[in-house]
Amino acid sequence: MRALKILIVENHQDTLVFMERYLEFKGHTVRCAPDFASAVTDLENHSADVLISDIGLPDGSGWELMTRATAINPDLYGIAMSGFGMKSDHERSLAAGYRHHLLKPFLPTELDELLERAAAEFRDETSGG
């Protein structure tokens, strides 16, 4: 799998550290932000292939973040993480621009599968297919 540049936005420190270490172990370049404002600043100053964001942030929602993020980078591949699992939550994530809505807690293999899909999309775009 192609290494991806990933921004993780999560205000729960233990979750953030685990995800950062796990994804770096998998060979990805990872940056982290604990809140909406930090994430926007990061996206304005650094490129990213994938945004993995919690929906419930202390200073905004992940839905608002994805809308803002795609205004900065229209090709950003978004994966929402949330404890909100109603059908309307999934629909709202997709409407905001996320490609997927992971329900917490999720298995690392579920995230791996979604990142494989993201890498495949980037590969298809660069090969013209």
Side-chain angles (χ1 to χ4, degrees):
M1 173 171 53
R2 169 189 185 274
L4 298 166
K5 292 181 283 184
I6 301 171
L7 174 62
I8 304 169
V9 186
E10 168 64 64
N11 63 306
H12 186 265
Q13 186 64 25
D14 291 342
T15 302
L16 187 64
V17 169
F18 170 79
M19 289 184 67
E20 177 183 26
R21 289 180 181 161
Y22 178 77
L23 294 172
E24 285 177 344
F25 173 77
K26 291 293 202 168
H28 302 291
T29 301
V30 181
R31 291 186 318 281
C32 299
D35 55 41
F36 181 98
S38 300
V40 170
T41 299
D42 186 281
L43 291 165
E44 289 173 341
N45 293 297
H46 304 282
S47 66
D49 300 315
V50 178
L51 171 68
I52 302 172
S53 180
D54 192 7
I55 294 300
L57 299 171
D59 58 343
S61 78
W63 296 309
E64 295 168 306
L65 176 60
M66 190 64 199
T67 300
R68 183 84 177 268
T70 53
I72 297 167
N73 177 358
D75 297 324
L76 192 62
Y77 192 99
I79 300 171
M81 305 181 291
S82 178
F84 308 132
M86 302 288 289
K87 183 179 178 187
S88 60
D89 299 316
H90 288 258
E91 291 169 351
R92 191 168 177 193
S93 292
L94 296 176
Y98 287 104
R99 305 282 180 90
H100 304 282
H101 182 105
L102 277 175
L103 185 59
K104 291 180 181 181
F106 55 86
L107 297 172
T109 52
E110 293 175 89
L111 184 57
D112 290 342
E113 181 183 317
L114 296 180
L115 293 174
E116 287 278 353
R117 291 183 194 178
E121 277 194 33
F122 287 112
R123 187 173 52 249
D124 289 346
E125 288 173 7
T126 58
S127 69

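Every value quoted in this text rests on a predicted model; they were computed, and no experiment measured them.
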- Option among Ile8, Leu7, Val50 that satisfies the side chain to side chain contact (heavy atoms under 4.5 Å, CB included) test with Val30: Ile8
- Shared ILVMFWY cluster between Val9 and Met19, side chains joined below 4.5 angstrom? no
- side chain to side chain contact (heavy atoms under 4.5 Å, CB included) filter on Thr67, not counting sequence neighbours, yields Ala96
- Message: Please determine whether a side-chain nitrogen of the Lys or Arg among Glu121 and Arg117 lies less than 4.0 Å from a carboxylate oxygen of the Asp or Glu.
- Response: no
- How many angstroms lie between atom CG of Asn11 and atom CG of Asp59, to the nearest 0.5 angstrom? 9.0 Å
- Query: Can you get from Phe18 to Leu23 by hopping between Ile, Leu, Val, Met, Phe, Trp and Tyr side chains that sit under 4.5 Å apart?
  - Reply: yes
- Message: Less than 4.0 angstrom from a charged side-chain N to a carboxylate O is my criterion; do Lys87 and Glu91 meet it?
- Response: yes
- Closest non-hydrogen atoms of Ala3 and Gly27, given as atom of the first, atom of the second and distance, are CB-O, 3.2 Å
- Message: What verdict does the side chain to side chain contact (heavy atoms under 4.5 Å, CB included) test give for Arg99 and Met66, after you've listed the backbone C-alpha separation in whole Å, the side-chain angles of each residue and the deciding distance to 0.1 Å?
- Response: CA-CA 10 Å; Arg99 305 282 180 90; Met66 190 64 199; over 6 Å; no
- The reported gap from NZ in Lys26 to CG in Leu4 (rounded to nearest 0.5 angstrom) is 12.5 Å
- Arg68 CZ: over 12 foreign heavy atoms closer than 6.0 Å: no
- Query: Are Leu94 and Leu103 joined in one hydrophobic group, where the rule is that I, L, V, M, F, W and Y side chains link up if heavy atoms are under 4.5 Å apart?
  - Reply: no
- Please round to the nearest 0.5 Å and tell me the distance separating atom CG of Leu102 and atom OG of Ser53. 12.0 Å
- Query: Which atom pair, heavy atoms only, marks the closest approach of Leu76 to Ala48?
  - Reply: CD1-O, 3.5 Å
- Query: How long is the span from the CG atom in Asp49 to the CG atom in Asn73, to the nearest 0.5 Å?
  - Reply: 8.5 Å
- Item | Minimum heavy-atom distance between Trp63 and Ser93, given as atom pair plus value | NE1-OG, 2.9 Å
- Message: If I take atom OG from residue Ser47 and atom CD1 from residue Ile72, how far apart are they, to the nearest 0.5 angstrom?
- Response: 12.5 Å
Please list, one pair per line, the donor and acceptor atoms closer than 3.5 Å that link side chains of residues 77-86 to other protein atoms, with sequence neighbours excluded.
residue, atom, partner, partner atom, Å
Tyr77, OH, His100, NE2, 2.8
Ser82, OG, Phe84, N, 2.7

- Distance from Lys104 atom NZ to Ile55 atom CD1, nearest 0.5 Å? 9.5 Å
- Please check if the side chain of Asp54 supplies one atom and the backbone of Leu57 the other of a donor-acceptor pair under 3.5 Å. no
- Among the clusters formed by ILVMFWY side chains lying less than 4.5 Å apart, do Phe122 and Leu43 turn up in the same one? no
